[in-house]
Visitor: 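This is the structure, below, for whatever I ask next.
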Amino acid sequence: MRQEQQFVSLAHERLDQLRGEAEAAVRATMAQVGTGRQARMERDIEVAERSASLAALNAADSGLCFGRVDRRDGVTHHIGRLGLRADDAERTPLLIDWRAPVARPFYLATGYEPMGLRRRRHITTEGRTVTALHDEIMDLRDPTRTGHESHDADEVLLAALNSARTGRMADIVSTIQAEQDRIIRAPQHGVLVVEGGPGTGKTAVALHRAAYLLYAHREQLAKRAVLIVGPNPAFLGYIGEVLPSLGETGVLLSTVGELYPGIHATGTEGPAAAAVKGRPEMAAVLAEAVRDRQRVPEKGEPIVIAHDDGELVLDWDIAVEARHKARETGLPHNLARPYFAFRVIDDLTTQLADRIGEDPYGGPNFLGPDDIAQLGKAVAASAEVHSAIASLWPPLDPQEFLAGYLADPTHLDDADADLIRRSGGPWTPADVPLLDEAAELLGADDSAARAAAEAERSRRIAYAQGVLDVSYASRTYEFEDKEDVDADASEVLAAHDVIDAERMAERQEEADHRSAAERAAADRTWAFGHIIVDEAQELSAMAWRLLMRRCPTRSMTLVGDPAQTGDPARTGDPARTGDPAQADDPGQTGGPAQAGDPAAPSAPGSEGEGVDFWQRILAPYVEDRWRLARLGVNYRTPAEIMDYAAERRRRTDPHFTPPRSIRSTGTAPFERTADLADVADLAAAEVPEEGRLAVIAPRELHGALTGLGGDGPLDLSRPVVLLDPRQAKGLEFDTVLVVAPERMPPNDLYVALTRATQRLGVVTPASATPSPAAAG
């Protein structure tokens, strides 16, 4: 252990040295104020880059070195959170990044497949102190023994699983299992679905996959960013420290409700309304609603427009033809609008020219092309003409359009329209995919912004040219008393000799100092390099359309479990097939399932209901070009709790098969009957000395569960938290009390019963009435 302690100390010294160098570089760069705006901007960019590097070094300090592999050829590698090299001439590798190929035997080697190893060592540390060593012998022919041989190969893993929870997810970098490693390192391209029951480590695998992809494809993904989508803000807070602890800080974490820039979806609505908004038919419904805003005058009721040269008549025939031409372009509403306007203006100009240039004796029109062009300019400049055009084909803003639609929903049956009808109020998470769809249908006419940008660029060039002209005049004035001004002046370089006005103006443009993730968060049209979706089984068809737009390459990792589906708007429901809008989705690309791919043991159609579930979701976008990997080992939930949860689940699904738990605590779940007012006292008695307790109850009962802090913001670091089953998705606690299980739908109850790592209690209210939606 002394030798490992010395190595760990050396590694931390090197880390401290690199940290000191990064801090010194930041200070030195900050001191370089520079003399111009460009110099200051370059400084700021360098500071941002070095600060990000410093943040990664700081984050990796905890548990820096956690493993060692001794190879048969005598080479030893220490494995850590990041790679370090010694400060010598050879730059000798000191610590191997866990994502490097040479580190992979640490995770995959077994006695049957030692992968060239003699020994694998797990190093346990507290801060910078080595507290335990666990050696696994890979080559039984090697007689060397250290005294740290572990009698249980899973001792380190079990210790991590049994440790008290903190309210924040911890990384599993030191205990990644072989089946998880294969998924983490699977090829980037295409859609990979990771399916697994509660406690199988799906979320941890997805996060470590993000870290691995950023390591393996740094140049590409650093520019395009990785998006991780979670089910709710509490979940994102729960997983928020994992990637920074792995040295990755440039990932965007978001819910679907946060993926429309500038919108904070804080509103709430009933599940039935959310289900209607999530249906695939809503894409076609909104498209029809947009077409409704492209109007024409009634026959026989034309729009009469006052003009200096006489009235102009915009009738049904002109508008219908203009609308046809605009729709024929296939462009979004706002981008097609100029085509409608041009056609209307052209027809009105012809109408005016025919009237003005008419020969009273029946001869040809005496107006020439130049005269007609001048009339066209006058018509195009008419405010009355543009007002008439706007009344027929108005420019539309996505938020105003959707707000107007929800106030008076059309193209739906009366029952569905009544469910989603709303006047005012904050946006809800289910509104965000509709906003995104509306933005796609409407398009953004940025011609005015581009014209303004070009005008600003011309202004900067003109200003720069003025500066150069002053510079040239000053130099000429300096030499005016000499006999040969041109000859003398040519010996001295001036500003205009080395730079022109356009390049000088470009140097004055503002640089964008934001990271790729920050830019992506502010840009609805951003194309991410890779998207990871947790609890993917919960997303509606409209949410999937939003996400697919964000990743045209279809490079995605989807994590979920159909057995835990609870959202009424979910896509995988067999009743929700036949997306009418899927045919117009372009760019359906994705990675084909590869034979022998270790991350794809199952291909679509090979087995089970899960395959059908994911196929219904993915077929509109990638057809059958996706891969399925299953995780079948439950690391979180003890066997006693898993058996109890499975038994309750089989009451509604007799063929249900849970994941296999690898550990047992010897403590069976307990059942109690108690008044709701007494649950807080029961929770206080069950709070573990170390760790966290969750009370999971239906949302409608939270008001009666006093004393549990359910009124304030959700803080998962508190000893006791109150959640509903949807909020509990993806989370884990040492002890869980499930209240009123008879009021929970089967899938929600299954989620609630499988959150505990040590102890589970089930509380039936003394006067509970079963919910009609609940079963089992």
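This chain uses plain numbering: 1 for the first residue, then up along the sequence. Predicted, not measured: the structure shown is a model, and the values here were computed from it.
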Visitor: Does a side-chain heavy-atom distance below 4.5 Å link Pro725 with Leu749?
Guide: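 Contact flag for Pro725/Leu749 side chains = no.
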
Visitor: Looking only at atom types and distance, does a side-chain atom of Trp526 sit under 3.5 Å from a main-chain N or O of Arg224, one as donor and one as acceptor?
Guide: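 Side chain of Trp526 to backbone of Arg224: a pair is present.
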
Visitor: Quick check: closest heavy atoms across Lys223 and Ala516, and the distance to 0.1 Å?
Guide: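 Shortest heavy-atom contact: O-CB, 3.5 Å.
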
Visitor: Between Gln564 and Val751, is there a donor-acceptor pair closer than 3.5 Å when you use the side chain of the first and the backbone of the second?
Guide: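 Answer holds: no.
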
Visitor: Could you check whether Glu437 pairs with Arg549 (Lys NZ or Arg NE/NH1/NH2 to Asp/Glu carboxylate O, under 4.0 Å)?
Guide: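 Yes, charged N to carboxylate O under 4.0 Å.
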
Visitor: Less than 4.0 angstrom from a charged side-chain N to a carboxylate O is my criterion; do Asp346 and Arg343 meet it?
Guide: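 No, no charged N to carboxylate O under 4.0 Å.
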
Visitor: Pick one: which of Leu618, Ile531, Ile617 meets side-chain contact (heavy atoms from CB on, under 4.5 Å) with Val191?
Guide: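 Checked Leu618, Ile531, Ile617 against Val191; only one passes side-chain contact (heavy atoms from CB on, under 4.5 Å): Leu618.
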
Visitor: May I ask you to decide whether Lys277 forms a salt bridge with Asp416, counting only side-chain N to carboxylate O separations under 4.0 Å?
Guide: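 Salt bridge between Lys277 and Asp416, a charged N being under 4.0 Å from a carboxylate O: no.
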
Visitor: Could you give me the CA-CA distance, side-chain angles and deciding distance for Gln615 and Trp626, then say whether side-chain contact (heavy atoms from CB on, under 4.5 Å) is met?
Guide: CA-CA 9 Å; Gln615 181 67 17; Trp626 55 278; 2.7 Å; yes

Visitor: Give a yes or no on whether the backbone of Pro409 and the side-chain of Arg421 come within a donor-acceptor separation of less than 3.5 Å.
Guide: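 No, Arg421 side chain to Pro409 backbone: no donor-acceptor pair under 3.5 Å.
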
Visitor: Take Ser382 and His307, measure what side chain to side chain donor-acceptor pair (under 3.5 Å) needs, and give me the verdict at the end.
Guide: CA-CA 8 Å; Ser382 169; His307 191 268; 5.4 Å; no

Visitor: Tell me, do Trp316 and Lys299 make a side-chain contact under 4.5 Å, heavy atoms counted?
Guide: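 The answer is yes; the side chains approach within 4.5 Å.
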
Visitor: Does a side-chain heavy-atom distance below 4.5 Å link Arg726 with Asn232?
Guide: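 The answer is no; the side chains never approach within 4.5 Å.
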
Visitor: Would you say the side chain of Leu402 lies within less than 4.5 Å of the side chain of Leu406, judging by non-hydrogen atoms?
Guide: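 A side-chain contact under 4.5 Å exists here.
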
Visitor: Please assess Thr203 against Asp534 for the test side chain to side chain donor-acceptor pair (under 3.5 Å), listing each intermediate value before the final yes or no.
Guide: CA-CA 7 Å; Thr203 298; Asp534 207 317; 2.5 Å; yes

Visitor: Looking only at atom types and distance, does a side-chain atom of Arg422 sit under 3.5 Å from a main-chain N or O of Ala403, one as donor and one as acceptor?
Guide: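 Flag not set: sc Arg422 to bb Ala403 has no pair under 3.5 Å.
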
Visitor: Is a donor on one side and an acceptor on the other found under 3.5 Å between the side chain of Thr557 and the backbone of Ile532?
Guide: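 No, because the side chain of Thr557 does not come within donor-acceptor range (under 3.5 Å) of the backbone of Ile532.
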
Visitor: Do the side-chain N and O atoms of Asp431 and Thr428 include a donor-acceptor pair separated by under 3.5 angstrom?
Guide: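 Yes.
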
Visitor: Under the criterion side-chain contact (heavy atoms from CB on, under 4.5 Å), I'd like the reasoning laid out for Leu441 against Leu286: C-alpha separation, chi angles, the key distance, then a yes or no.
Guide: CA-CA 8 Å; Leu441 291 167; Leu286 292 179; 3.8 Å; yes

Visitor: Within this structure, what is the CE-CG distance for the pair Met542 and Leu547, rounded to the nearest 0.5 Å?
Guide: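 These two atoms lie 11.5 Å from each other.
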
Visitor: When you check the gap from the basic side-chain N to the acidic O, do Arg550 and Asp436 get nearer than 4.0 Å?
Guide: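 Yes, charged N to carboxylate O under 4.0 Å.
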
Visitor: Could you measure the distance from the CZ atom of Arg279 to the OG atom of Ser540? Nearest 0.5 Å is fine.
Guide: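 These two atoms lie 11.5 Å from each other.
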
Visitor: If I take atom NE2 from residue His411 and atom CZ from residue Arg291, how far apart are they, to the nearest 0.5 angstrom?
Guide: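 Between atom NE2 of His411 and atom CZ of Arg291 there are 10.0 Å.
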
Visitor: Between Ala430 and Glu269, what is the shortest heavy-atom contact and its length?
Guide: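 Looking at all heavy atoms of both residues, the closest pair is CB-OE2, 3.1 Å.
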
Visitor: For Gln294 and Arg337: C-alpha separation, side-chain torsions, deciding distance, then whether side chain to side chain donor-acceptor pair (under 3.5 Å) applies.
Guide: CA-CA 9 Å; Gln294 300 164 1; Arg337 185 175 180 273; over 6 Å; no

Visitor: Can you see which heavy atom on Gln351 is nearest to which on Val313, and at what distance?
Guide: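 Nearest heavy atoms, Gln351 then Val313: OE1-N, 2.7 Å.
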
Visitor: Given side chain to side chain donor-acceptor pair (under 3.5 Å), test Ser555 with His189 step by step and report yes or no.
Guide: CA-CA 5 Å; Ser555 178; His189 299 294; 5.0 Å; no

Visitor: I'd like to know whether the aromatic ring centres of Trp427 and His264 sit less than 6.0 Å apart in this structure.
Guide: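 So the answer is no for these two rings.
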
Visitor: Look only at the side chain of His333 and the backbone of Pro394, and say whether a donor-acceptor pair between them is shorter than 3.5 Å.
Guide: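 Present.
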
Visitor: Testing the basics here: between Ile345 and Gly376, what is the closest heavy-atom pair and its distance to 0.1 Å?
Guide: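 Of all heavy-atom pairs spanning Ile345 and Gly376, the closest is CG2-O, 4.2 Å.
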
Visitor: Does the side-chain contact (heavy atoms from CB on, under 4.5 Å) test come out yes or no for Leu312 and Leu352, once each step is laid out?
Guide: CA-CA 7 Å; Leu312 300 175; Leu352 184 61; 3.9 Å; yes

Visitor: Distance from Leu253 atom CG to Leu243 atom CG, nearest 0.5 Å?
Guide: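 With rounding to 0.5 Å, CG (Leu253) is 6.5 Å from CG (Leu243).
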
Visitor: Could you state the interatomic distance from CD1 (Ile228) to NE2 (His530), rounded to the nearest 0.5 Å?
Guide: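 Result: 9.0 Å between the selected atoms.
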
Visitor: Kindly say whether Ala697 contributes a backbone atom to a donor-acceptor pair with the side chain of His702 at under 3.5 angstrom?
Guide: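 Checked: pair present.
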
Visitor: Give the intermediate values and the outcome of side-chain contact (heavy atoms from CB on, under 4.5 Å) for residues Met282 and Leu412.
Guide: CA-CA 9 Å; Met282 287 303 298; Leu412 291 171; 4.2 Å; yes

Visitor: Is any side-chain heavy atom of Trp544 less than 4.5 Å from a side-chain heavy atom of Leu558?
Guide: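 In contact.
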
Visitor: Testing the basics here: between Phe340 and Ala319, what is the closest heavy-atom pair and its distance to 0.1 Å?
Guide: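 Here Phe340 and Ala319 meet closest at CE1-O, 3.7 Å.
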
Visitor: Under 3.5 Å, side chain of Glu288 to main-chain N/O of Val285, donor-acceptor pair present?
Guide: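 Flag not set: sc Glu288 to bb Val285 has no pair under 3.5 Å.
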
Visitor: Do Leu227 and Leu259 come within less than 4.5 Å of each other through their side chains, counting heavy atoms only?
Guide: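 Yes, their side chains come closer than 4.5 Å.
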
Visitor: Which atoms form the tightest heavy-atom contact between Gly730 and Tyr238, and what is the distance?
Guide: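 It is O-CE2, 3.6 Å.
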
Visitor: Main chain of Pro698, side chain of Asp724: is a donor-acceptor contact present, judged purely on distance under 3.5 Å?
Guide: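 A pair under 3.5 Å: no.
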
Visitor: Should Arg545 and Glu440 count as side-chain neighbours, where that means a heavy-atom distance under 4.5 Å?
Guide: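 No, their side chains stay 4.5 Å or more apart.
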
Visitor: Could you tell me whether Glu538 and Lys729 have a side-chain N and a carboxylate O separated by less than 4.0 Å?
Guide: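 Salt bridge flag = yes for Lys729 with Glu538.
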
Visitor: Is the shortest heavy-atom distance from the side chain of Leu331 to the side chain of Tyr339 under 4.5 Å?
Guide: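 Yes. Closest side-chain heavy atoms under 4.5 Å.
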
Visitor: With a 4.0 Å cut-off on N to O distance, would you call Lys202 and Glu195 a salt bridge?
Guide: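 A salt bridge is absent here (no side-chain N lies under 4.0 Å from a carboxylate O).
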
Visitor: Rounded to the nearest 0.5 Å, what separation is found between the CD atom of Glu258 and the CG atom of Leu236?
Guide: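 Result: 6.5 Å between the selected atoms.
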
Visitor: Going by an N to O cut-off under 4.0 Å, is there a salt bridge joining Asp523 and Arg519?
Guide: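 Salt bridge: no.
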
Visitor: Looking at Ser515, is its backbone amide N or carbonyl O close enough to the side chain of Glu518 to form a donor-acceptor pair, meaning the two atoms are under 3.5 Å apart?
Guide: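 Indeed, once roles are kept as given, a pair shorter than 3.5 Å links the two residues.
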
